[in-house]
Structures are given as structure tokens and as C-alpha cells.
Amino acid sequence: MNKYEYLLQDLTNLKGVGKKTALILKKKKINSLLDILYRLPESYTDRSNLVRISDLQIGKICTVKVIVKKYNFPRVRNLPNRVICEDMSGRIECVFFNSYEGYIRKLLPINNEVTISGKFSYFRNSYQITNPKYISQESNLILKKHNKYSLTEGITEKIYTNIINQVLKNLPNLDEWLSPEILKKFKNESWKNSIIKLHDPTNIGNIKSNFYRRLAFDEILSSLIVFSQIRKKIKKIKKQKKIFKPITPYRIEEKLGFKLTNDQIRSLNEINNDLCSKTKMFRILQGDVGSGKTIVALISALNAINSGYQVAFMAPTEILARQHYILAKKIYPSNINISLLTSKTETKDKRVAAEYLKKNITKIVFGTHSLFQKKIIFKKLGYIIIDEQHKFGVRQRKSLSDKGGDNCDVLLMSATPIPRTLTMTIYGDMDLSIIREKPKFRKEIKTYSKLETKIDEIIKFVNNEIKHGNQVFWVCPLIDDSSKIDHVSTKKRYDYLKKIFNDDVKVLHGNVESEEKEKILEDFLNKKFKILVSTTIIEVGIDFPNANVIVIENANKFGLSQLHQLRGRVGRGNKASTCILMFKSNLSENATKRIKILKKSNDGFFISEEDMKLRGYGDILGFKQSGIKNFKLADPIQNEDLFILAEKEIKRIENSHENLNKYKTLLKLYDQADVINDLA
Ligand code: ADP
Ligand code: MG
């Protein structure tokens, strides 16, 4: 077994770990020794404080050193076994329920000195401790700080400590992968020493120390190496250049009625350059909600079409696909055959559409992920655009980049602005275009917070907006009333509003049939009713230029980024718009902070950064469920300098064509090795 394989061992290979324990740990996603090592202790119990029996404090954790004096084993069922122990100052009784004599004799041999730690009580003129867990004849095993890990039912602290101590004791010295220059920055802390220190209770929370930073750096470096390799592979793919005369935005602008922003034009140029280049494009267009990504994608698609290729444009929902399709119809020359494939498309039409794609008559097709069904065949697919993606991990993206063959460029669009350090580690395999600037003349969205009890004022306000022809989103966190959580449901709010606004209000949530859902959204878009009560399903991408008010109930339930996304559903037209955040009771300090940030700023990049500071990166919009790897130790906010250092190191590794074998163990430690293997 090599050093690394040792770490991958099954837990049952450890002493004292049976199948049952292993199974419980598995449920906590602890499968190997390695998983044990990267779980941090959360706090510790200090048992280092040795006291005399006469100084024992009742109910507090104390440690005593005593001589075992006498056994008292009553031969009556249900009566506990007792052991009398003494020190110079007094005596204690250890009380054992359900323990065998033999076990007790071994644990507490008569006339021997033992150290006992735990909570003592006072009963019938004597100190006593019941079923003590921390007993040893070797006092140094007890007299220290003891780590506390978050444990699951069925695993005691003792079992877990035994496990981790075994692992740490036999920890192999792995061959160093960090370069001497980098290692020096962490005062030459080796991996092994760092891991040991990580589990030293006196180091808990010491994230600024060299050992901790070394391990965090390892983690960052491993993911950057993977990205660097994927990039390298993609850049090696030679494709046929797309040859076209770039559409002048001016021509399109006439049809649109607005001018593109500088950021839109810059992003468009970056994409065009990629399309014309000899290597396959793998790019992400990142921009805040409402920054106008769609139009950039559509213009670039037209360029690809003009160079003789077909385009597949994928959206997360059918209604969004339709909206993009309608926009394309509006701005594309009429001789270009455009098609929309949704579940609503009739079978006959589907067949025709498929036929047209196969014959390269249809130049661009809009749809959901169903576009990638096997039965849909393109004659000359050259460009895939995927809107509103923030839920693909690196493995999914890799398989995506393989789709459509070498000649196929890929553009992803994401409306989740994230800080640069996070971009680096999430989209490090892609080129990046950013639209930061919002279209001119767009009015700020005014954001207010209101107590639920003031709902009458909100109704009045909403009523007034409706009278002026505007439309309103009303978002609730729940579908039905739940006895467990005290949040407002769409059902309750819909019933309430219905009494006031009659047919001007409709309700939408995840349980509504998809056809019905589409119809409601379509009707709302066509202004057939005024107020849409819904869950957060309206979060994604759809453009409702006539809606200018959004009310969000139980706003403290949502994260900052999510609130910002929801707010982005309004304020897309040129009207002044309003976001009303509703709360049940007075706000917590944290909630007040969040509201302040939202009121102050409409910049998604700024907001996501603040969000991360408040909640940690794992929680920002969708990333938790995304299959995107969570860091074990590194933190994109706390360790920004390490990300930058790792970025430099990657450049050095790339430029010096360093052999990556050196990093194999590192990649395995962070479960990235398979990605690299796939590339080979
Ligand atoms: P997102 O980036 O969130 O996908 P969209 O592409 O849906 O944003 O655009 C949001 C709205 O802004 C649309 O109504 C679109 O027509 C409009 N828009 C896009 N670019 C501009 C611009 N340069 N000036 C004014 N309005 C624009
Ligand atoms: Mg969009």
C-alpha cells in the first residue's frame, strides 16, 4: 500500500470501527481516513485542570487523580456497581450502571492511580461521578484539551476521538508538492504537520496560521491545476474559423430602439474574436440581472449564422426560450429561418422542425435542454448558447464542451455575479466576459422595508400602481400553509388579495402544471391581469417590462443575492420601479444589515460580495445545490491573497511546462484526480 492509498482506506480497517459505526459515518459523508482528516474540530473541552477532591466544583467538568480503594459490587439486579477512590483530600464514588465487573476491574485496578475527568455531583455525603468516560492510568491522556467534533447519533466523542487519534498517529509523510518558494511563504509547514496542527485543540479557529493557510493554498491550487489542464485541452482543439462580416450594432440598435452599452459592445467583440479564431470558444458571459446579455448573445449568434453555421440557444424554461425567440424574430433579417422547440410544439411541427435542422434550413433553434436530445440532429451546428446557467459543475461543463464536436463554440451566460476569487475557482476553465454596466436611462429600483402589519399601506400603493397600468409581482416563500414554518404562503396571500383585486390577481408556484404555468406567465406578459402571486420560480431570466413593483414577503428568509435577483424582475423598462421587502416582526441586526445593503446598491457584484461576507460563499444563490465543489478549508473572501498567489503559481507551472506528476497526490487529496485522468 502506498502512502496515499493508506489515506483512502475504508474506515473499518481502523481498530474499534465496525460496520455499524462505518455506516453511521458514511451518512455524514465520511468514507475514508482522508475524510476524517479534513473535518475540523468545532470546539474543545478543557480537562487539563487538575483539582483536589476537596476542591471539586459540582456540575463543572473537573479532573482528579485518585487511588482506587474499594469495590462495591452488589449482587442485585439493577443496582449499580460502585468503586471508591481517594486522594489526600477526600473520597469519591464512581457509579457504573450496566457495566461488567471485569471491565471495571480493568479500568480501575485496585490500589492503582487513575485520572478521572467529568462532571461530579454530591450525594449522601460523597462526591460521585456516574459512568465516567474519561478515565486512564496515563494521566497525560486525560489532562489536556479534548476536541469536539460535530457528531451524529450513534457515535460518541470517545469513539470518534479514538478514530481520529489512530489516523493522526499513523499519518504518512507525503512527498512535498509545493515549490520551495511557495513553501517558504508558509514557514515550510509540511502537509503532515499541518494536518496534525489542524487537529490540535489549541489551534481551533486559527485560520491565519501558516499551517492552515498552507492547507487552504493546497486546496485552491488543486482546483486551479484542474482548470488549467481543462483549458489547455480546450485550447488545443483546432476548429474551422467562422468567417463573417461582424453585424454592426447600429443596424440592430435601430430595431431595438436603444444603444448597446460599452460593456455589451466589448463583450460582443470578445465573443466575435473567439468565433473567428482557430480554437474552440469556451466562454462565460457574466452580468448582473438586466444588464442585457441576451442581445449580445443574439448578435453573436447572427454572426455565426452568417458564417454558415447553425446555432442552438438553450434556456432554462420554455417561456424564456420563447422570449428569446420572439426577440430574435424581431431583430434578425427576415430571410433567416428561426425555430422554437418546446413541449408545446405539436408533434407534426416538431417533425418538420427536426427535418429543417437536419437539412440546415433552420439556422437557429431556441428551446430548453431538450435541444440536446439524441433525435435532434444538426447538419452544421457551430455554436451553442446556454442562458442562465449557474448550476453546472466543472464535470458537467466538460461534457458540454465536448458536445457538438470540435467546430462548435460554446457560450454560457450567468446572471449570478460573483467575486473574482470565486469566478477563478468556479469558472477557471473558461474565458470570461463581464457586463458590469447597466443600460443608460434605467431608473433605480427604490427598495423599502415594511412590517407585515402595515399591509394596508402596501395594498394602497399597489392599487395606485395598477391604476396607472403597471403590474406587480408578489413573492411568498411557501406554496401552502405549513404548520412547521411560520411563513406566508402563496395560497394564503392569493386568497387575501383575491378578495380585494378579484380577477386582477393570479397565482403561480412549482405545483402548477407546466402548461398552466406557461399560460399564466404568458397572460401576465400580455397584461391580462395585474398581480402575480408566486413563489420564487419567477427568479429566472424572464423579461416583464411592464412590471414595476415587486413585493417580497418574509424577506429575511432570502439571501442577499437572491433578493437582488428577485428585485431584478422589475425595473427593466423605463418606468420607476419599487421593491418592497416585507417582514414579520422587528428585524434582527443581520437582517437590518442586508436591507441596508440592498437599499444602498443595485450592483450585483457588490451585493454578492457582501452576501459572501455575511453568509459564506457556499450559500450564495444556487451554488450549494450546484454540484460545484465546496471548499473544505479555503475561503474566497478570507483567503483572497492565497487565490492570487495560486494564480501566479499556475502561470509559473504552465510556463515552465512542469511535469504534473508531482501534483498527483495533491489532486487526489481533493478528489480532482479523475478530471485530470479523463483529460489524458
Ligand atoms: P439579462 O442580462 O438579465 O439577461 P436581458 O438581456 O433580459 O438581461 O435584458 C434586460 C432588458 O434590458 C431587456 O428588456 C432588454 O431589451 C433591455 N436592454 C438590453 N440592453 C439594453 C441597452 N443597451 N439599453 C437599454 N435597454 C437594454
Ligand atoms: Mg437573461
Side-chain angles (χ1 to χ4, degrees), residues 247-269 271 283-302 313-332 366-368 385-391 411-418 432-445 470-471 473 521 524-525 527 537-548 550 561-562 564-577 602-605 607-608 621-622:
I247 311 290
T248 42
Y250 172 73
R251 297 280 301 275
I252 302 274
E253 283 166 358
E254 270 187 349
K255 289 186 185 169
L256 283 171
F258 54 71
K259 269 186 136 59
L260 296 188
T261 62
N262 291 330
D263 277 2
Q264 282 174 315
I265 290 175
R266 190 179 32 74
S267 299
L268 184 59
N269 286 337
I271 296 167
R283 183 173 283 279
I284 182 149
L285 178 58
Q286 226 188 72
D288 204 355
V289 268
S291 60
K293 294 181 289 292
T294 322
I295 193 72
V296 172
L298 284 178
I299 297 175
S300 68
L302 193 50
F313 199 132
M314 183 178 122
T317 60
E318 296 199 340
I319 184 131
L320 194 55
R322 175 166 308 116
Q323 209 161 46
H324 292 343
Y325 165 78
I326 291 168
L327 186 59
K329 279 259 180 207
K330 181 173 155 191
I331 63 170
Y332 279 10
F366 295 85
T368 58
I385 300 172
I386 297 177
D387 190 17
E388 293 297 341
Q389 82 79 34
H390 54 264
K391 303 220 158 109
L411 180 71
L412 304 186
M413 294 197 270
S414 163
T416 313
I418 47 172
L432 175 67
S433 292
I434 293 185
I435 306 183
R436 215 168 264 273
E437 194 184 358
K438 295 268 169 66
K440 277 193 196 107
F441 311 119
R442 190 156 293 166
K443 300 225 170 63
E444 282 287 295
I445 306 170
N470 299 327
Q471 286 172 291
F473 285 113
L521 286 172
F524 192 56
L525 206 53
K527 306 179 201 171
I537 52 171
I538 49 142
E539 207 179 284
V540 181
I542 310 166
D543 203 15
F544 296 93
N546 194 53
N548 73 330
I550 183 161
S561 301
Q562 201 180 4
H564 178 66
Q565 287 279 323
L566 285 167
R567 178 171 67 173
R569 291 304 111 225
V570 300
R572 293 180 155 232
N574 291 327
K575 289 183 214 171
S577 31
N602 199 21
D603 174 355
F605 286 91
I607 286 170
S608 77
L621 204 68

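This structure is a prediction, so every number in the text was calculated from the model and none was measured. In each ligand, atom 1 is the first atom listed, and ligand 1 is the first ligand listed.
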Numbering the atoms of ligand 1 from 1, which are under 4.0 Å from a heavy atom of [X]?
X	value
T261	23 (N)
L260	23 (N)
V289	3 (O)
T294	4 (O), 5 (P), 6 (O), 7 (O)

Heavy-atom contact under 4.0 Å between [X] and ligand 1?
X	result
S291	yes
D288	yes
G290	yes

Heavy-atom side-chain proximity of [X] to [Y] below 4.5 angstrom:
X	Y	answer
S300	L268	yes
L327	L256	yes
L521	F544	yes
F473	L566	no

| query | What part of K259, side chain from CB on, backbone N/CA/C/O, both or neither, has a heavy atom under 4.0 Å from ligand 1? | reply | backbone
| task | For F366, check ring pair (Phe, Tyr, Trp, His ring centres under 6.0 Å) against everything at least two apart and list the hits. | result | F313
| Polar atom proximity, I295 to ligand 1 (N or O, under 3.5 Å) | no
| query | Any salt bridge (charged side-chain N to carboxylate O under 4.0 Å, His left out) pairs touching residues 289-299, not counting sequence neighbours? | reply |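 Pairs touching residues 289-299 that pass the test: none.
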